[in-house]
2 protein chains.
Amino acid sequence: MQSISPHRPRFQQVADRLRALIAAGELGEHSALPSERGIAEKYGISRMTARRALEALESEGLVYNEDRRGRFVSPRRLNYDVSNMVSFAADAQARGMDLEIELITVKETAADAELAEKLSVDAGEPLHEYTRLFRSNGYAIFLETECVIARRFPDLLDHDLRQSTTRLLERHYGTSARTGDIVIRMRGVRAEEAALMGLAISHPGIELEQVIRDGAGSPFCFGRQIWRGELAEFSARAIVNPENAG
Amino acid sequence: MQSISPHRPRFQQVADRLRALIAAGELGEHSALPSERGIAEKYGISRMTARRALEALESEGLVYNEDRRGRFVSPRRLNYDVSNMVSFAADAQARGMDLEIELITVKETAADAELAEKLSVDAGEPLHEYTRLFRSNGYAIFLETECVIARRFPDLLDHDLRQSTTRLLERHYGTSARTGDIVIRMRGVRAEEAALMGLAISHPGIELEQVIRDGAGSPFCFGRQIWRGELAEFSARAIVNPENAG
DNA sequence: GGTGGGTTCTGGTATATACCAGCCGAAGTT
DNA sequence: AACTTCGGCTGGTATATACCAGAACCCACC
């Protein structure tokens with residue numbers, strides 16, 4: 001049965017058994033795993049070792065950890081097609097997915113050097129900035145902060161921001177998103193982000209940045225999302241650039 | 001100085017100081033951080049607490065961990081533009097980047113249900129499968145396993161696979177990659193993968209899958225890469241689908 | 001019918017200790 | 001010059017213990 005290696009570490013063996021429980025469907029999506037203390041007692045290991053087993057499952061994305069509440073089975077991942085520049089919100093609603101948007105903060109700021117470059121404006125340019133938390137069925141998915149050029153969208157913050165801003169900007173200002181430049185990278189969630197999403201600090205996450213441009217190619221919005229790593233799946237379509245193929 | 005919260009955990013405080021060291025440039029890319037024992041002694045904490053501080057930096061992607069060798073400062077991330085379907089190898093070479101490809105395994109297999117679906121062939125279809133490790137300046141970047149339809153590329157495995165296969169298939173078989181379907185998700189590296197890359201198990205990683213299609217839209221290659229999370233950065237370009245915009 | 005306190009869950013932080021296992025270089029051997 | 005061995009580095013595994021802090025639930029009290 002376990003002829004793989006002479007000394008498969010205990011925490012791995014326990015992780016294997018928990019993994020098997022989940023694979024067998026004994027534990028459905030979002031259902032609670034046994035507690036660290038419970039596992040320690042059941043398998044005759046110390047609590048710290050039990051924790052290592054659970055952490056192994058977390059790093060696989062099989063399990064997630066809510067700060068001081070327990071560990072739960074990760075649900076199926078949510079797919080976001082980044083090549084098709086309809087916002088996640090608009091896309092999700094079109095597919096009939098349950099999606100709640102909570103407005104966390106709103107403020108008026110000014111572009112720093114980095115934002116100025118990304119949005120092709122001068123540093124100091126007034127911006128609307130807002131942070132929103134996206135949930136599905138009550139579970140946090142990602143946290144997003146967007147910055148839009150205030151001059152182009154006066155009184156934007158008077159609208160209800162608990163909806164797709166892509167659609168909002170289209171309807172009320174006639175600006176539609178035509179292209180986007182996207183960057184994806186992995187990083188742990190920061191303490192404040194974790195607190196807002198109810199997760200333990202350093203929860204694995206994926207950051208997605210996008211610069212959104214209008215039909216004339218002018219950027220008007222910069223967004224940065226931090227997704228729960230175990231939930232995110234991004235798909236994209238690639239097409240050979242004819243110039244390179246020539 | 002530390003008026004942020006009543007009890008900022010010690011491991012966080014130590015992580016802050018190490019982070020500051022790196023930010024100040026005292027430690028350059030790939031240079032070794034102090035050992036767990038060294039940190040414990042220097043800051044008057046236990047070794048386990050020192051480790052937690054280091055793990056916090058790892059999850060941020062600021063530091064990486066080589067199994068039983070030590071922890072090192074992460075270098076600048078490598079960018080891979082997934083929208084432009086030139087392979088990473090071809091692209092890297094074009095940009096003059098140092099890139100070594102090590103062939104790990106080669107075998108002849110048959111498509112299982114999943115691969116059959118992805119490659120639009122019947123289950124059991126013969127495939128060439130090979131695994132390669134990509135390095136730059138001696139440092140592992142990602143591990144890739146590709147499966148190509150054997151019937152279309154006879155004797156492929158007789159060629160030197162330590163080069164861009166996109167280019168190889170183009171030159172010797174007249175098949176060029178035209179489009180690709182890509183999926184990106186986060187997951188910890190598995191034990192075997194970690195061993196090949198010299199990393200500790202559960203090292204944070206990003207998996208990238210791609211189905212590559214020819215000019216006729218027929219898939220001929222399926223690849224799965226596992227990148228070191230702290231090194232990877234994927235960029236993509238989005239364009240609104242005119243059908244959705246209508 | 002809510003509100004305030006419990007108690008009891010959960011994980012989070014922290015220490016001290018022990019030994020294991022791979023890596024590496026230096027020293028000694030062939 | 002190549003090879004082996006060994007000792008001292010590194011992190012990895014594992015235990016036992018203690019107390020802290022937030023979440024949840026229940027119940028008694030108003």
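Chain identifiers are assigned alphabetically (A, B, ...) following the order of the sequence lines, protein sequences preceding nucleic acid strands; residue numbering begins at 1 within each chain. Everything numeric here is computed off the predicted structure, so don't read it as measured data. We use all heavy atoms of the structure for the numbers below, so side chains are in, but hydrogens, waters and symmetry mates are not.
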On the nucleotide [N], are OP1 or OP2 found under 4.0 Å from the side-chain N or O atoms that [X] carries?
| X | N | result |
| --- | --- | --- |
| R8(B) | dT13(C) | no |
| R52(B) | dT13(C) | yes |
| T49(A) | dT15(D) | yes |
| R71(B) | dG12(D) | yes |

Proximity to the side chain of [X] - top-ranked nucleotide from [options]:
| X | options | answer |
| --- | --- | --- |
| I45(B) | dG11(C), dT15(C), dT13(D) | dT15(C) |
| H7(A) | dA21(C), dA14(D), dG12(D) | dA21(C) |
| F11(A) | dT13(D), dG12(C), dT15(D) | dT13(D) |

Quiz item: Between Y64(B) and H30(B), how do the two ring planes meet: parallel, tilted or perpendicular, split at 30° and 60°?
Solution: perpendicular

Exercise. Describe, in one word, how the ring planes of F142(B) and W227(B) are oriented to each other, choosing from parallel (under 30°), tilted (30 to 60°) and perpendicular (over 60°).
Key: parallel

Nearest-Å distance for atom pair [atom1]/[atom2], residues [X] and [N]:
| X | N | atom1 | atom2 | result |
| --- | --- | --- | --- | --- |
| R68(B) | dG7(D) | CZ | P | 20 Å |
| I39(B) | dT15(C) | CD1 | P | 14 Å |
| L54(A) | dA14(D) | CG | P | 14 Å |
| Y43(A) | dT15(D) | OH | P | 15 Å |
| R51(B) | dT17(C) | CZ | P | 17 Å |
| L33(A) | dC9(C) | CG | P | 19 Å |
| D67(B) | dC9(D) | CG | P | 19 Å |
| E36(A) | dT17(D) | CD | P | 17 Å |

Quiz item: When you match R69(B) and E66(A) each to their closest nucleotide on DNA chain D, which lands nearer the 5' end?
Solution: R69(B)

Quiz item: Which residue lies toward the 5' end of DNA chain D, N65(B) or M48(A), if each is placed at its nearest nucleotide?
Solution: N65(B)

Quiz prompt | Donor-acceptor pair under 3.5 Å, R47(A) side chain vs dG11(C) base | solution = yes

Self-check item: N/O donor-acceptor pair, side chain R37(A) with base dG11(C), under 3.5 angstrom
Solution: yes

Quiz item: Should R71(B) and E58(B) count as an ion pair when the cut-off is N to O under 4.0 Å?
Solution: yes

Practice problem: Could you tell me whether R224(A) and E114(A) make a salt bridge, using a distance below 4.0 angstrom between a side-chain N and a carboxylate O? | Solution: yes

Exercise. Assign S35(B) to base, sugar-phosphate, or nothing according to its heavy-atom contacts below 4.0 angstrom with the strands shown.
Key: sugar-phosphate

Quiz item: Within a radius of less than 6.0 Å around CZ of R19(B), do more than 12 heavy atoms belonging to other residues, nucleotides or ligands occur?
Solution: yes

